[in-house]
Amino acid sequence: GEHKGKVMDITLSKTALLTDDDDVVFIPNNFFFLHEIINHSKMGLRTVNIEFEVGLNALDTIEGLEQDLIQSLEEFHENIEANSFKLRIVEIEKDSFSLKFQYVLKRTDRQMEREIRKKTVRRVVNHIRKEG
């Protein structure tokens with residue numbers, strides 16, 4: 001469904017998920033019988049995904065945004081695997097498109113991940129404002 005997160009607790013009636021925003025969401029267990037569930041735990045646990053949507057006229061080039069994001073995270077490069085940065089177009093709509101910026105941390109560090117995520121999201125907003 002619309003929820004993504006790490007399973008924190010399972011009881012007889014509900015499952016607790018910790019979302020990327022550090023919110024705890026409780027989902028009734030009967031939901032899991034009725035919907036498709038994707039287990040991402042087999043994927044790299046150190047892979048960080050930041051998804052966002054941009055207006056079609058808000059950017060000059062995707063490559064420019066990607067380079068800007070990579071350069072803005074230079075202070076964190078000792079924590080991020082070399083050449084693991086990717087900016088992908090996930091979906092194109094009539095007036096906007098969805099993007100996913102990905103990178104792989106050298107080690108799992110929740111606090112570091114939050115700091116990098118915060119800097120990345122702010123850089124996206126600043127880049128879009130600068131272009132627009």
Cluster overlap [X] with [Y], hydrophobic side-chain contacts below 4.5 Å:
X      : Y      : result
Ile92  : Leu87  : yes
Val24  : Val7   : no
Ile37  : Leu17  : yes
Val121 : Met112 : yes

Identify the two heavy atoms, one from [X] and one from [Y], that lie closest to each other, and give their separation to 0.1 Å.
X     : Y     : answer
Ala58 : Val54 : CB-CG1, 3.6 Å
Gly55 : Phe97 : O-CE2, 4.0 Å
Phe52 : Ile50 : CD2-O, 3.8 Å

Practice item. Using distance alone, with no hydrogens and no angle criterion, decide if Asn29 and Thr15 have a side-chain donor and acceptor under 3.5 Å apart. Key: yes
Review point. Can you tell me if CG on Asn83 sees more than 12 non-hydrogen neighbours from other groups inside 6.0 Å?
Key: no
**Study point:** Step-by-step side chain to side chain contact (heavy atoms under 4.5 Å, CB included) determination, Tyr103 to Ile116
**Key:** CA-CA 10 Å; Tyr103 53 88; Ile116 297 171; 2.9 Å; yes
**Study point:** Distance flag, aromatic centroids of His77 and Phe85, threshold under 6.0 Å
**Key:** yes
How long is the gap from [atom1] on [X] to [atom2] on [Y], to the nearest 0.5 Å?
X      : Y      : atom1 : atom2 : value
Lys14  : Ile10  : NZ    : CD1   : 13.0 Å
Ser96  : Glu91  : OG    : CD    : 8.0 Å
Arg123 : His127 : CZ    : NE2   : 8.5 Å
Lys119 : Ser72  : NZ    : OG    : 6.0 Å

Exercise for review: Please report the C-alpha distance between Ile89 and Lys100 in whole Å, then the side-chain angles of each, then the deciding distance to 0.1 Å, and finally whether the side chain to side chain contact (heavy atoms under 4.5 Å, CB included) criterion is met.
Suggested key: CA-CA 6 Å; Ile89 298 173; Lys100 183 185 287 191; over 6 Å; no
Check your understanding: Can you find a heavy atom in the side chain of Glu81 that is under 4.5 Å from one in the side chain of Leu105?
Key -> no
Point to revise | Residue pair Arg110 / Arg114, side-chain heavy-atom distance below 4.5 Å | key: yes
Practice item. Begin with the C-alpha distance, continue with both residues' side-chain angles, and end with the deciding distance and a verdict on salt bridge (Lys or Arg N to Asp or Glu O under 4.0 Å) for Lys86 and Glu66. Key: CA-CA 8 Å; Lys86 288 185 244 171; Glu66 182 176 38; over 6 Å; no
**Study point:** Step-by-step side chain to side chain contact (heavy atoms under 4.5 Å, CB included) determination, Phe101 to Arg88
**Key:** CA-CA 6 Å; Phe101 184 62; Arg88 296 181 335 147; over 6 Å; no
Answer yes or no: is there an ion pair linking [X] with [Y], defined by an N-O contact shorter than 4.0 Å?
X      : Y      : value
Lys4   : Glu51  : yes
Glu78  : Lys106 : no
Glu113 : Arg117 : yes

Exercise for review: Please say which of Ile62, Leu69, Val124, Val90 ends up in a side chain to side chain contact (heavy atoms under 4.5 Å, CB included) with Leu99.
Suggested key: Ile62
Exercise for review: Would you sort out whether Asn126 and Asp68 count as a side chain to side chain contact (heavy atoms under 4.5 Å, CB included), showing the intermediate values?
Suggested key: CA-CA 10 Å; Asn126 292 338; Asp68 192 30; over 6 Å; no
